Engineer: 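Following this message is one structure expressed as structure tokens.
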Number of protein chains: 2
Amino acid sequence: MSDPIGFQCADHGTCRTTLLARAQAHCDSLGLRLTPVRRRTLEILLVEHRALGAYDVLALLAAEGLGSQPPVAYRALDFLVKAGFAHKIEALNAYTACVHPGLDHTPAFLICRTCETVAEADTALTKGRLGDAARAAGFTIERTVVEATGLCPDCADRAA
Amino acid sequence: MSDPIGFQCADHGTCRTTLLARAQAHCDSLGLRLTPVRRRTLEILLVEHRALGAYDVLALLAAEGLGSQPPVAYRALDFLVKAGFAHKIEALNAYTACVHPGLDHTPAFLICRTCETVAEADTALTKGRLGDAARAAGFTIERTVVEATGLCPDCADRAA
DNA sequence: TTCACTATTGATATGTTATAACATCCGAAG
DNA sequence: CTTCGGATGTTATAACATATCAATAGTGAA
């Protein structure tokens, strides 16, 4: 598992620029289209650096004239999720940018219940004990959701 | 990790009776009240043996005159979840009975995307690699969601 | 260029999941 | 018996998500 990333990102500006450029390159190479709405949606997720609901995203898009109805946000988010640039956090019904897009990975999330910051780590859960249990049961795993809720260091300090 | 339970429960009648009795005993000993709505809700989850949405439960309750408005179902489900008799499946926004209530455990679920049957296993994820990552990041895990979606043996056979 | 094709966007409506807020009931403790 | 807290009834609405169909724009072939 790689180190989780998210609670101490020193330079959002750089990671935003880098990841946007990577997304653009990825789309170019696959013939996908990173349209203005999609690009801006990804940028919003990168800048906010926490889990945002579809309607949160929609409000920000709408403020810039990039669409005002729910499908606009959901389509953009679906695209980003399918392309691997973002993930859906099921426990929050919210979305967050992927910190290492392009790589095929099974994300695991550490979600702060106070500030909603999300850190992304990797698991290889299907190779571990859950995978063993699934095989024993004859179950074929296609997708996994791993989400841990709790307190991030900053919020824990603030509470103490 | 215990074996997953759920894809081959031979005798629903027995497990229903047993688990209802256990829930009753647990409530008695803790001074909780397993009221008619709560008891019936648990029974519904046990009998169906798959993930049910709150409105599915509500429809069944309503058909028996046990309330007809959303809060009825949500309150009953919240009670069952808090008491450890049921779990919420975040990936489905649905609820399922716990197969070994009373024990403090971190459930992991195998969810068939076709028949929506849910098998429950245990993980000790906080003791594994995710726990290591969380500790390294200074993150305090309070609750974990582990859900694997895929195909159960029956549905896999049927598809083949 | 023009055409046909496909992906994307725009717009309206609706479906689904969940909770807020407040009134009322009812049983247990004092 | 009263009072107090948990449970329920009821209305309304918030929050999350998708179906549908029309309009538009980019792409490649004739």
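Residue numbers begin at 1 in each chain, while the letters A, B, ... track the order of the sequences. Every value quoted in this text rests on a predicted model; they were computed, and no experiment measured them.
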Engineer: Output the rounded distance in Å from CG (A:N93) to C1' (C:dA18).
Structural biologist: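 So the two atoms are 10 Å apart, to the nearest Å.
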Engineer: May I ask you to decide whether B:R113 forms a salt bridge with B:E147, counting only side-chain N to carboxylate O separations under 4.0 Å?
Structural biologist: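 Result for this pair is no, no salt bridge flagged.
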Engineer: With B:Q24, which residues qualify under side chain to side chain donor-acceptor pair (under 3.5 Å), at least two apart?
Structural biologist: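 By the side chain to side chain donor-acceptor pair (under 3.5 Å) rule, B:Q24 matches B:D28, B:R39.
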Engineer: Tabulate below the donor-acceptor pairs under 3.5 Å that side-chain atoms of residues 68-89 of chain B make, not counting sequence neighbours, or state none.
Structural biologist:
| unit_1 | atom_1 | unit_2 | atom_2 | d |
| --- | --- | --- | --- | --- |
| B:H87 | NE2 | B:H105 | NE2 | 3.2 |
| B:H87 | NE2 | B:E120 | OE2 | 3.2 |

Engineer: What is the distance from atom OG1 of B:T117 to atom CD of B:E48, rounded to the nearest 0.5 Å?
Structural biologist: 10.5 Å
Engineer: About how many Å separate CD1 of B:I44 and CZ of B:R40, when rounded to the nearest 0.5 Å?
Structural biologist: 4.5 Å
Engineer: Check the phosphate of C:dA18 against B:Y95, side-chain N and O only, distance under 4.0 Å to OP1 or OP2. Yes or no?
Structural biologist: yes
Engineer: Between P on D:dG9 and CG on B:L58, what's the gap in Å once rounded to a whole number?
Structural biologist: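 It works out to 11 Å between those atoms.
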Engineer: Roughly how many Å is it from CG in B:L77 to P in C:dT17, rounded to a whole number?
Structural biologist: 12 Å
Engineer: With a 4.0 Å limit, can you tell me whether B:K88 has a side-chain N or O closer than that to the phosphate oxygens OP1/OP2 of C:dT17?
Structural biologist: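 Checking B:K88 against C:dT17: no side-chain N or O falls below 4.0 Å of OP1 or OP2.
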Engineer: Against B:E43, only a single residue in B:L19, B:L20, B:L60 fulfils side-chain contact (heavy atoms from CB on, under 4.5 Å); can you say which?
Structural biologist: B:L20
Engineer: What is the distance, rounded to the nearest whole Å, between atom OH of B:Y74 and atom C1' of C:dA21?
Structural biologist: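 Distance check: B:Y74 OH to C:dA21 C1' gives 17 Å.
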Engineer: Summarise protein proximity over nucleotides 6-16 of chain C in one line of letters, 5' to 3': B for base, S for sugar-phosphate only, - for none, counting protein heavy atoms closer than 4.0 Å.
Structural biologist: --SBBBB----
Engineer: Can you tell me how far C1' of C:dT17 sits from CD1 of B:I89, to the nearest Å?
Structural biologist: 16 Å
Engineer: Output the rounded distance in Å from CG (A:D78) to P (D:dC16).
Structural biologist: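 Atom-to-atom, A:D78 to D:dC16, this comes out as 15 Å.
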Engineer: Between A:L92 (CG) and D:dC16 (P), how many Å, whole number?
Structural biologist: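 Going from A:L92 (CG) to D:dC16 (P), I get 10 Å.
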